[in-house]
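In this chain, residues are counted from 1 in sequence order.
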Amino acid sequence: MSRASSRALKHPPVTAPSEPAGAPSDIPAAFPELAVAIDRERRRGRGAQSNASGRFEAEARVAFDDGWQSLDELPPFTTTVGLDTSRKVITRNESPDIGFDRSINPYRGCEHGCVYCFARPTHAYLGLSPGLDFESKLFAKPEAPALLEKELAAPGYEPRMIAIGTNTDPYQPIERERKIMRGILEVLERAGHPVGIVTKSALVTRDIDILARMAKRSLAKVAISVTSLDPKLARTMEPRASTPPKRLEALKQLSDAGIPTTVMVAPVIPALNDSEIERILDAAAHAGVKEASYVLLRLPLEVRDLFREWLMANYPDRYRHVFTLIRDMRGGRDYDSKWGERMKGTGPMAWTIGRRFEIACDRLGLNKRRAKLTTDHFARPKRNGDQLSLF
């Protein structure tokens, strides 16, 4: 019988926002053990500090020390990859404040481990934690290229740009061996279908051959997120993503290959990386980038508490200031999901960030022209059993 044990709690505690004037008090007094983060050695190389149960679970299970130091015997979090057997691969959305209505995610979960990732809460739908589970228990969709081809071949399908990387990164480390994203690009190239990619990984340069051919026909563009040029901050906040110099080099290689590129300063976190906006844009412009965008830090659902834990563990001296500014830009709350405001925020601080970004872009000649993709080349894939045309 293992000496490591866990305690089941009915109804996982819902934490209330803490006041920035004091240290966070996320944990109900009845469950003080929830305040203890996973041991550093067990989560080495990970972004989240904890692994709380998802919000849909009837019970919250937390490890606790029974007096025999049995927690010391627990193994570190290692990356495991399961199979996602979804029958469709194109996801639709009707969000009025984003520029696409369909997307593809080759993977669920993301090993990059970015602590602020707004996709973390989606792991709760799988009965897993948006914390360490999100970055260590991954799911791949090996049938994604075949499913995509089938969906594109459907008689009623109308082509519009497909966005990839808007939820989890398609070029996270496991893509190096699985090559699901490359298979998807091969399908899109054959079909003449436009695609827009967002990533934090230099692995995207592996597919320059396909992307360059597609770009010549106005079928592809790539955005790379550069959150910070500070290697220490980047490593702490995005532990398994490519380093800032690697991302800038990837932007240069893509631009040199004739592929439209965008640098995303995302997310902008007040009092943490907002001072780097101009430096990031300047470095990207020197790499040949012609377009830029930014997104303010978003803290929906479990992301708020995970970010607060991370901030207190790594930058406790900035905790009060960061959350004061966040709430100034979110109508006094930690997050406001209102359409049209969730990406940029409101108030004087949000306005200042936006104006600084615009001035820097004007100075560097960014966003003067935006690459437009076309659906003119779309050719519906042939389905098995389709009769060939005589003409």
Side-chain angles (χ1 to χ4, degrees), residues 47 79 81-84 86 88-93 98-114 117-120 122-123 134-149 151-152 160-191 193-215 219-227 238-242 246-247 250-251 253-254 257 259-264 266 293 295 373:
T79 301
V81 184
L83 295 182
D84 185 315
S86 300
K88 292 187 176 181
V89 72
I90 298 179
T91 300
R92 307 280 180 156
N93 80 83
I98 56 178
F100 58 89
D101 69 350
R102 64 200 68 183
S103 61
I104 295 175
N105 292 292
Y107 303 99
R108 301 186 73 165
C110 186
E111 196 175 4
H112 282 164
C114 304
C117 182
F118 63 83
R120 284 181 177 274
T122 62
H123 241 44
F134 176 79
E135 49 195 289
S136 61
K137 293 183 179 179
L138 314 179
F139 296 85
K141 302 178 183 179
E143 299 301 317
L147 291 171
L148 174 60
E149 192 160 36
E151 291 181 54
L152 297 184
R160 289 187 64 181
M161 185 197 75
I162 288 178
I164 306 181
T166 57
N167 197 46
T168 57
D169 202 309
Y171 286 104
Q172 58 181 287
I174 58 174
E175 166 64 16
R176 194 175 301 277
E177 290 76 34
R178 301 198 173 240
K179 300 181 179 179
I180 298 174
M181 180 60 183
R182 185 170 179 87
I184 289 173
L185 289 179
E186 290 170 347
V187 171
L188 293 173
E189 183 186 19
R190 288 195 300 269
H193 196 294
V195 62
I197 300 170
V198 179
T199 183
K200 287 186 177 69
S201 175
L203 181 58
V204 66
T205 58
R206 178 202 64 189
D207 295 334
I208 280 181
D209 56 336
I210 299 177
L211 293 170
R213 292 195 300 267
M214 295 183 72
L219 293 175
K221 59 182 179 180
V222 177
I224 294 183
S225 174
V226 182
T227 314
E238 308 162 336
R240 301 199 179 190
S242 295
K246 287 285 188 182
R247 294 185 223 181
L251 285 169
Q253 291 184 38
L254 292 165
I259 302 163
T261 54
T262 299
V263 62
M264 295 183 64
S293 65
V295 178
L373 303 184

Visitor: Could you give the distance from CG (D209) to CE (M214), rounded to the nearest 0.5 Å?
Guide: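 It is 11.5 Å, given to the nearest 0.5 Å.
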
Visitor: Not counting sequence neighbours, which residues clear side chain to side chain donor-acceptor pair (under 3.5 Å) with R213? List them please.
Guide: E189

Visitor: Rounded to the nearest 0.5 Å, what's the gap from OG on S201 to CD on E238? Could you check?
Guide: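 Nearest 0.5 Å value for the OG-CD distance: 12.0 Å.
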
Visitor: Heavy-atom distance under 4.5 Å between the side chains of I184 and P106, does that happen here?
Guide: yes

Visitor: Do you know the tightest heavy-atom contact between L147 and S86?
Guide: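 Reported closest heavy-atom pair: CD1-O, 3.3 Å.
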
Visitor: Would I210 and L188 count as a side chain to side chain contact (heavy atoms under 4.5 Å, CB included) here? Give the steps.
Guide: CA-CA 10 Å; I210 299 177; L188 293 173; over 6 Å; no

Visitor: Which atom pair, heavy atoms only, marks the closest approach of G47 to P239?
Guide: N-CG, 3.5 Å

Visitor: For a quick test of reading the model, state the closest non-hydrogen atom pair linking P260 to A220 and the distance between them.
Guide: CD-O, 3.4 Å

Visitor: How long is the span from the CG atom in L152 to the CD1 atom in I162, to the nearest 0.5 Å?
Guide: 5.5 Å

Visitor: Using side-chain hydrogen bond (donor to acceptor under 3.5 Å, both in side chains) as the criterion, point out the one residue from H112, R120, Q172 that pairs with E135.
Guide: R120

Visitor: For I104 and I90, what are the C-alpha separation, side-chain angles and deciding distance, and is it a side chain to side chain contact (heavy atoms under 4.5 Å, CB included)?
Guide: CA-CA 5 Å; I104 295 175; I90 298 179; 4.3 Å; yes

Visitor: In Å, rounded to the nearest 0.5 Å, how long is the span from SG of C110 to CD1 of I174?
Guide: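 Taking SG in C110 and CD1 in I174, the distance rounds to 8.5 Å.
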
Visitor: Answer yes or no: does atom CZ of R160 have more than 12 heavy-atom neighbours from other residues, nucleotides or ligands under 6.0 Å?
Guide: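 At most 12 heavy atoms, drawn from other residues, nucleotides or ligands, come within 6.0 Å of this atom.
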
Visitor: Within a radius of less than 6.0 Å around CD of E143, do more than 12 heavy atoms belonging to other residues, nucleotides or ligands occur?
Guide: no

Visitor: I want to check something: taking the side chain as every heavy atom from C-beta on, are L219 and V195 in contact at a cut-off of under 4.5 Å?
Guide: no

Visitor: Looking only at non-hydrogen atoms, find the nearest pair between A140 and I180 and report the distance.
Guide: CB-CD1, 3.9 Å

Visitor: Taking the side chain from R247 and the backbone from S225, do they hold a donor-acceptor pair closer than 3.5 Å?
Guide: yes

Visitor: Might you work through the side chain to side chain contact (heavy atoms under 4.5 Å, CB included) test for L185 and I197, ending with a clear yes or no?
Guide: CA-CA 10 Å; L185 289 179; I197 300 170; 4.1 Å; yes

Visitor: Taking atom CD of E186 and atom CG of D207, what is their separation to the nearest 0.5 Å?
Guide: 8.0 Å

Visitor: List the atom of A250, the atom of A202, and the distance in Å for their closest heavy-atom pair.
Guide: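 The pair with the smallest heavy-atom distance is CB-CA, 4.0 Å.
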
Visitor: Are the side chains of T168 and T122 in touch, meaning some heavy atoms are under 4.5 Å apart?
Guide: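 Side chain of T168 against side chain of T122, heavy atoms only: no contact under 4.5 Å found.
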
Visitor: Does a side-chain N-to-carboxylate-O contact under 4.0 Å join R182 and E175?
Guide: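 No, this pair does not count.
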
Visitor: Does some side-chain heavy atom of Y171 sit less than 4.5 Å from a side-chain heavy atom of V204?
Guide: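 The answer is yes; the side chains approach within 4.5 Å.
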
Visitor: How would you list, by chain and number, every residue that makes a salt bridge (charged side-chain N to carboxylate O under 4.0 Å, His left out) with E151, sequence neighbours excluded?
Guide: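 E151: no salt bridge (charged side-chain N to carboxylate O under 4.0 Å, His left out) contacts found.
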
Visitor: Applying salt bridge (charged side-chain N to carboxylate O under 4.0 Å, His left out), name anything that partners K141, two or more places apart in sequence or on another chain.
Guide: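 Scan of K141 (salt bridge (charged side-chain N to carboxylate O under 4.0 Å, His left out), adjacent residues dropped) gives none.
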
Visitor: Within the structure provided, determine whether K221 and L373 are in side-chain contact (heavy-atom separation under 4.5 Å).
Guide: yes

Visitor: List for me each residue that meets salt bridge (charged side-chain N to carboxylate O under 4.0 Å, His left out) alongside R240, sequence neighbours excluded, and say none if there are none.
Guide: E111

Visitor: Counting C-beta onward and ignoring hydrogens, is there a side-chain heavy-atom pair between I224 and L254 closer than 4.5 Å?
Guide: yes

Visitor: Looking at every heavy atom in both L251 and T262, which two are closest together, and how far apart are they?
Guide: CD2-O, 3.9 Å

Visitor: Output all residues satisfying salt bridge (charged side-chain N to carboxylate O under 4.0 Å, His left out) with E149, sequence neighbours left out; order by chain, then residue number.
Guide: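 Only R190 meet the salt bridge (charged side-chain N to carboxylate O under 4.0 Å, His left out) criterion with E149.
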
Visitor: Which residues pass the ring pair (Phe, Tyr, Trp, His ring centres under 6.0 Å) test with F134, sequence neighbours left out?
Guide: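 With neighbours one apart ignored, the set is H123.
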
Visitor: If only atom types and distance count, is the side chain of D169 paired as donor or acceptor with the main-chain N or O of K200 below 3.5 Å?
Guide: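 Looks like yes, one N/O pair under 3.5 Å.
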
Visitor: What's the verdict on side chain to side chain contact (heavy atoms under 4.5 Å, CB included) for F100 and N93, showing C-alpha distance, side-chain angles and the deciding distance?
Guide: CA-CA 8 Å; F100 58 89; N93 80 83; 3.6 Å; yes

